[in-house]
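The chain is numbered in sequence order, starting from 1.
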Amino acid sequence: MRKYWLAAVLAVVCLAVFSGCGNNDKEFQEAMDKGKAAFSSGISQAKCREAVDQYTRAVELKPDSAQAYLQRGHVYIKMKDLQKAFEDYDKAVSLDPALGQAYFHRALSRIAMGSKEEEVIKADLRKALELDPSIAAASNLLMLYEKSFPGMSQ
């Protein structure tokens, strides 16, 4: 009798754990979609705040999602909160080192903040191009940096 009771308890626990996983994915996707919709719908502070809230919810649901950090970083750029944007792009890079867009936007946020770390910026631009050669703006920006700082190029 005790074996059946233990098996029943384990079955209920497993069911609760596995049924919650699908809901988490669904909630995450809903938060990402709502963040995108808010971000796309206008430039008002209220819409940007709504987008940040949705992407923050997505981050809470999936803290390992580089895309959630990348998208929230875009909103912070729009809000002119450059430090928070940089932090989100940096986190996206650490979570997904193969995400070229995160390197590119991290470089842009450094530039926007007035960073004098030309080599670090160029390294991010090179990495972005290595991972995603379709980022034409990264190529153009890298050429400008290499012309401006020729003695520092690799």
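The two residues Asp96 and Ala66 come nearest to each other via the heavy atoms CB-CB, 3.6 Å. Residues Ala85 and Gly73 come closest through the heavy atom pair CB-O, 3.5 Å. Heavy atoms only, all atoms of each residue included: Ala51 and Val75 are closest at CB-CG2, 3.8 Å. Nearest heavy-atom pair across Ile135 and Leu129 is O-CD2, 3.4 Å.
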Checklist entry - Can you list the steps and then say if Asp53 with Arg49 is a salt bridge (charged side-chain N to carboxylate O under 4.0 Å, His left out)? => result CA-CA 6 Å; Asp53 291 346; Arg49 176 61 27 214; 3.6 Å; yes
Checklist entry - Run the side-chain contact (heavy atoms from CB on, under 4.5 Å) check on Ile111 and Leu141 step by step: do they pass? => result CA-CA 10 Å; Ile111 293 166; Leu141 197 52; 3.6 Å; yes
Next on the checklist: Between Val120 and Ser115, does the side-chain contact (heavy atoms from CB on, under 4.5 Å) criterion hold? Intermediate values first, please.
Outcome noted: CA-CA 9 Å; Val120 175; Ser115 174; over 6 Å; no
Less than 3.5 Å apart, which donor and acceptor atoms pair up between the side chains of residues 29-36 and the rest of the protein, not counting sequence neighbours?
from  : atom 1 : to    : atom 2 : distance (Å)
Gln29 : NE2    : Asp33 : OD1    : 2.9

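Linking Ile, Leu, Val, Met, Phe, Trp and Tyr residues whenever their side-chain heavy atoms come within less than 4.5 Å places Leu95 and Val59 in a single cluster. Hydrophobic clustering of Ile, Leu, Val, Met, Phe, Trp and Tyr side chains at less than 4.5 Å, counting indirect connections, keeps Leu82 apart from Met79.
Between the side chain of Asp90 and the backbone N or O of Arg106, no donor-acceptor pair lies under 3.5 Å. Between the side chain of Lys62 and the backbone N or O of Ala68, no donor-acceptor pair lies under 3.5 Å.
Applying the salt bridge (charged side-chain N to carboxylate O under 4.0 Å, His left out) rule to pairs touching residues 63-73 yields Arg72-Asp88, sequence neighbours excluded. The ring pair (Phe, Tyr, Trp, His ring centres under 6.0 Å) analysis of residues 62-96, with sequence neighbours excluded, yields the pairs His74-Tyr89, His74-His105, Tyr89-His105. Residue pairs satisfying the side-chain hydrogen bond (donor to acceptor under 3.5 Å, both in side chains) criterion with at least one member in residues 37-46, sequence neighbours excluded, are absent.
Taking CZ of Arg57 as the start and CG of Leu61 as the end, the distance is 4.0 Å to the nearest 0.5 Å. One distance of note links CZ of Phe39 with NZ of Lys78; it measures 4.5 Å at 0.5 Å rounding. Taken to the nearest 0.5 Å, the CG atom of Leu142 stands 11.0 Å off from the NZ atom of Lys147. Here Gln101 contributes atom CD and Ser134 contributes atom OG; the two are 7.0 Å apart, rounded to the nearest 0.5 Å.
Shown here are the salt bridge (charged side-chain N to carboxylate O under 4.0 Å, His left out) partners of Asp132, two or more places apart in sequence or in another chain: there are none.
Cluster note: Val93 groups with Tyr103, Leu131 through ILVMFWY side-chain heavy atoms spaced under 4.5 Å, whether in direct contact or through intervening members.
The pair Glu130-Lys127 counts as a salt bridge, with a side-chain nitrogen and a carboxylate oxygen less than 4.0 angstrom apart.
No side-chain donor-acceptor contact under 3.5 Å links Gln54 and Glu50.
Partner of Phe104 under the side-chain contact (heavy atoms from CB on, under 4.5 Å) criterion, out of Leu99, Leu125, Asp124: Leu125 alone.
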